[in-house]
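As a basis for the values below, the full set of heavy atoms in this structure was taken, side chains included, without hydrogen atoms, waters or symmetry mates. Since the model is a prediction, treat every value here as computed from it, not as a measurement.
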Amino acid sequence: MIKGIIFDLDGVITDTAHYHFIAWQNLAKEIGIEFDEVFNETLKGVSRMESLERILKLKNLNDKYTIEEKEALAHKKNEAYKKLINNITSKDLLPGIKTLLDDLKANNIKIALASASKNALSILNHLNITSYFDYIVDASKIANSKPAPDTFLDALNGLNLKADEVIGVEDANAGIESIKACNIKSIGINVKGDISLNSTKELTFDLLKTI
Ligand code: B16
Ligand code: MG
């Protein structure tokens with residue numbers, strides 16, 4: 001049986017992707033760039049700055065802005081995003097997650113969060129599940145964002161466990177790559193992992209017992 005589990009946040013515990021989409025779409029419109037939800041998929045699990053670069057690349061505008069201007073654009077997006085996530089409550093937990101967290105706690109399995117989001121702690125607080133986590137990665141202290149191993153490696157060290165003692169859960173290719181680079185087994189939600197699931201409903205304690 002595994003001793004620990006490392007969760008991604010957006011797309012695994014709650015679905016903030018739509019709020020990221022709305023905030024980025026509004027910001028992009030202001031600088032003459034339009035994109036749809038299909039393109040938004042390519043931003044999942046990717047850091048704020050890298051997301052901005054990918055949006056600017058749609059119109060080859062990457063060199064049009066200075067670093068300071070890009071930081072201002074990313075800040076503006078984040079301020080709009082923070083307003084949107086302000087109304088998140090425990091009702092926004094994805095199906096099965098609360099039961100799984102309770103089962104993990106009851107069985108002394110350590111729990112970590114490995115999100116690329118600098119808003120992760122605020123979102124956990126809104127969801128009212130912060131106390132379940134033994135370790136929460138601080139994305140602002142991670143040198144190389146997903147797909148680099150740093151995020152999941154920091155979570156692994158934070159739990160004080162070895163790679164073969166934990167499992168990582170992700171909904172984005174960038175995150176699955178980060179898990180793989182740490183030699184951790186992965187569960188992909190709507191994305192290919194060592195184990196692939198179609199919904200968090202299938203992510204049960206009984207399933208974890210079989211790994
Ligand atoms: P922030 P995850 C990621 O969260 C999101 O999937 C991604 O779309 C976002 O750009 C990134 O966090 C950074 O978020 O702007 O709040 O710091 O999937 O790693 O939990
Ligand atoms: Mg995610």
(request) With sequence neighbours excluded, tell me which residues meet side chain to side chain donor-acceptor pair (under 3.5 Å) with E37. (result) none
(message) For K64, give me all partners under side chain to side chain donor-acceptor pair (under 3.5 Å), at least two apart in sequence or on another chain.
(response) none
(request) Determine, step by step, whether T42 and N40 satisfy the side chain to side chain contact (heavy atoms under 4.5 Å, CB included) criterion, reporting the C-alpha distance in whole Å, the side-chain angles of both residues, the deciding distance to 0.1 Å, and the verdict. (result) CA-CA 5 Å; T42 68; N40 192 56; over 6 Å; no
(message) A cation-pi test, strictly: NZ or CZ of K77 under 6.0 Å from the centre of the six-membered ring of Y81 and no more than 45 degrees from its axis. Yes or no?
(response) yes
(message) Is any side-chain heavy atom of L208 closer than 4.5 Å to one of M1?
(response) yes
(message) Between D194 and K180 (salt bridge meaning N to carboxylate O under 4.0 Å), is one present in this structure?
(response) no
(request) May I ask you to list the residues sharing a hydrophobic cluster with L56, side-chain cutoff 4.5 Å, ordered by chain and number? (result) F21, W24, L27, I31, I33, F35, F39, L43, M49, L52, I55, L58, L61, Y65, L73
(request) Count the heavy atoms belonging to other residues, nucleotides or ligands that lie under 6.0 Å from NZ of K105, then report whether that count exceeds 12. (result) yes
(request) Could you check if a side-chain atom of L94 sits within less than 4.5 angstrom of a side-chain atom of V12, using non-hydrogen atoms only? (result) no
(message) Does F7 form a side chain to side chain contact (heavy atoms under 4.5 Å, CB included) with I187? I'd like the steps, not just the answer.
(response) CA-CA 10 Å; F7 287 99; I187 297 181; over 6 Å; no
(request) State whether a side-chain donor-acceptor pair under 3.5 Å links N144 with D150. (result) yes
(message) Testing E53, K57, K70 one by one against N62 for a side-chain hydrogen bond (donor to acceptor under 3.5 Å, both in side chains), which residue passes?
(response) E53
(request) Using side chain to side chain donor-acceptor pair (under 3.5 Å) as the criterion, list what pairs up with D10, not counting sequence neighbours. (result) T16
(request) Supply the members, apart from I176, of the Ile/Leu/Val/Met/Phe/Trp/Tyr cluster built from side-chain contacts under 4.5 Å; use none for a lone residue. (result) V191
(request) Considering only NZ, NE, NH1 and NH2 on the basic side and carboxylate oxygens on the acidic side, decide whether D206 and K209 come within less than 4.0 Å. (result) yes
(request) Verify whether one side chain among D102 and Y132 offers a donor that lies under 3.5 Å from an acceptor in the other. (result) yes
(request) Determine whether the side chains of N125 and T130 contain a donor N or O and an acceptor N or O closer than 3.5 Å. (result) yes
(request) Under the side chain to side chain donor-acceptor pair (under 3.5 Å) rule, collect the residues that match up with K82, sequence neighbours excluded. (result) E79
(request) Quick one: do E34 and Q25 satisfy side chain to side chain contact (heavy atoms under 4.5 Å, CB included)? Show the steps, please. (result) CA-CA 7 Å; E34 297 210 359; Q25 200 182 36; over 6 Å; no
(request) Please check if I123 and I111 belong to a single hydrophobic cluster, counting links between Ile, Leu, Val, Met, Phe, Trp and Tyr side chain heavy atoms closer than 4.5 Å. (result) yes
(request) In sequence, state the C-alpha distance, the side-chain angles, and the governing distance for S140 and D138, and then conclude on side-chain hydrogen bond (donor to acceptor under 3.5 Å, both in side chains). (result) CA-CA 5 Å; S140 67; D138 179 351; 2.6 Å; yes
(request) Indicate if I97 and L197 have the same hydrophobic cluster label, given that clusters are the connected sets of ILVMFWY residues with side-chain heavy-atom separations under 4.5 angstrom. (result) yes
(message) We want to know whether N78 and N119 form a side-chain donor-acceptor pair, criterion being a heavy-atom distance below 3.5 angstrom.
(response) yes
(request) Calculate, to the nearest 0.5 Å, the distance between atoms CG and CG belonging to N190 and N198 respectively. (result) 6.0 Å
